[in-house]
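Computed from a predicted structure; not experimentally measured.
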Amino acid sequence: MKKETRRTHKNSFSYPIYVPLAFVLLGGFIGGCIIGLISSIMAISNFNNIDISYLFMVVIFGVFGIVFGFIPALLMGVYVAYRRFIIVDWHDYVHLYVVGTFISAIYFLCWSNMALNEPSDMAKLWAMGSIGGISAMLIGKLFIPKINPKDFNTSKEHHETA
């Protein structure tokens, strides 16, 4: 009987359409901006001479990220919508990071035809996948519905006073 109630409750919950759209539209851009930011920091030799060209480089990488990261962002958006993902605590952010990293790493592996012969290849694969995981966490923080478990008082005392 409880399974039916839970299933009905889950099916009655209308998941917001903006969540998978946010992953599709922003996932690749955020990942590209992360790569652009890292590249800008590595390119800066003197922090006193920072100009607008470094910001421009971050935005250009973000635009390329939209093109390159569209498929993993789409897959992550479909995954989140299918699972009707809701943020309850920090474990959910870890879940987003792991799934985003896995999807991005598999996509990068297929796209680059990299042979995983050395440990440095695994480190590169993990680094590229982590960009997708960080992007998934950021989008999750901004767009996925959140529930505060403290709002649901299920203690025995609460039931006795009601």
Side-chain angles (χ1 to χ4, degrees), residues 2-42 55 58-59 61-66 68-111 114 116 119-162:
K2 287 185 179 181
K3 286 186 179 181
E4 291 177 17
T5 306
R6 185 175 181 183
R7 187 176 303 135
T8 305
H9 175 68
K10 186 175 182 181
N11 289 340
S12 66
F13 172 65
S14 177
Y15 200 75
I17 190 68
Y18 64 83
V19 174
L21 284 176
F23 275 92
V24 170
L25 297 175
L26 294 175
F29 182 76
I30 291 174
C33 285
I34 291 170
I35 293 173
L37 185 64
I38 292 169
S39 299
S40 294
I41 290 171
M42 292 172 61
L55 178 64
V58 171
V59 173
F61 270 87
V63 171
F64 282 119
I66 291 172
F68 178 75
F70 177 78
I71 292 174
L74 175 69
L75 292 174
M76 190 66 192
V78 168
Y79 173 81
V80 166
Y82 178 76
R83 298 281 310 244
R84 296 182 180 183
F85 204 85
I86 296 174
I87 302 292
V88 177
D89 61 0
W90 65 271
H91 294 96
D92 297 319
Y93 292 109
V94 173
H95 185 150
L96 285 173
Y97 173 77
V98 169
V99 173
T101 300
F102 182 74
I103 289 173
S104 297
I106 295 298
Y107 177 73
F108 181 72
L109 187 63
C110 293
W111 179 78
M114 181 191 309
L116 300 175
S120 65
D121 295 337
M122 288 298 289
K124 290 176 192 173
L125 185 63
W126 175 79
M128 293 305 292
S130 288
I131 292 168
I134 293 168
S135 178
M137 284 182 6
L138 289 173
I139 293 172
K141 179 68 175 169
L142 296 173
F143 294 103
I144 292 180
K146 292 148 191 75
I147 293 178
N148 187 355
K150 295 176 184 173
D151 293 342
F152 299 98
N153 191 357
T154 58
S155 66
K156 190 175 182 179
E157 298 165 359
H158 176 71
H159 292 294
E160 289 174 358
T161 59

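Side-chain atoms of Val19 and Phe85, non-hydrogen and from C-beta on, never get closer than 4.5 Å to each other. Using a 4.5 Å cut-off on side-chain heavy atoms (C-beta onward), Met128 and Leu109 make no contact. Under the 4.5 Å side-chain criterion, counting only non-hydrogen atoms from C-beta, Ile87 is not in contact with Lys141. By the 4.5 Å heavy-atom criterion applied to side chains, Phe23 and Ile144 are counted as neighbours. Residues Val80 and Ile139 fail the side-chain proximity criterion, which asks for heavy atoms closer than 4.5 Å.
With rounding to the nearest 0.5 angstrom, the OH atom of Tyr97 is 12.0 Å from the CG atom of Leu138. Taken to the nearest 0.5 Å, the CG atom of Asn148 stands 10.5 Å off from the CG atom of Asp89. Rounding to the nearest 0.5 Å gives a distance of 12.5 Å between CG of Leu96 and CD1 of Ile134. Note that CG of Leu74 and CD1 of Ile103 are 9.5 Å apart. Values are rounded to the nearest 0.5 Å. With rounding to the nearest 0.5 Å, the separation of CH2 in Trp111 from CZ in Phe108 is 6.5 Å.
Counting heavy atoms of neighbouring residues, nucleotides and ligands inside a 6.0 Å radius, atom CZ of Phe102 does not exceed 12 of them. Residue Phe64 qualifies as open at atom CZ: its count of foreign heavy atoms under 6.0 Å is 12 or below.
Without hydrogens or angle criteria, Ser135 side chain to Ile131 main chain gives no donor-acceptor distance under 3.5 Å. Checking side-chain atoms of Tyr15 against main-chain N and O of Ile86 turns up no donor-acceptor pair under 3.5 Å.
Taking both residues in full, the closest heavy atoms of Leu142 and Lys146 are given as C-NZ, 4.3 Å, listed atom of the first, atom of the second, then distance. Nearest heavy atoms, Ser104 versus Gly132: OG-CA, 3.2 Å. In this structure, Ala73 and Gly28 approach most closely via the heavy-atom pair CB-N, 4.0 Å. Nearest heavy-atom pair, Tyr18 versus Phe143, reported as atom, atom and distance to 0.1 Å: CE1-O, 3.2 Å. The two atoms that bring Ser40 and Val58 nearest to each other are OG-CG2, 3.6 Å, heavy atoms only. The nearest pair of heavy atoms linking Ser39 to Phe61 is OG-CZ, 3.9 Å.
Taking the six-membered ring where the residue is Trp, His95 and Tyr79 present tilted rings, their angle falling between 30° and 60°.
The side chain to side chain donor-acceptor pair (under 3.5 Å) test applied to Tyr107 returns no partner, not counting sequence neighbours.
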Val24 vs Phe70, side-chain contact (heavy atoms from CB on, under 4.5 Å): CA-CA, chis, key distance, verdict: CA-CA 6 Å; Val24 170; Phe70 177 78; 3.4 Å; yes
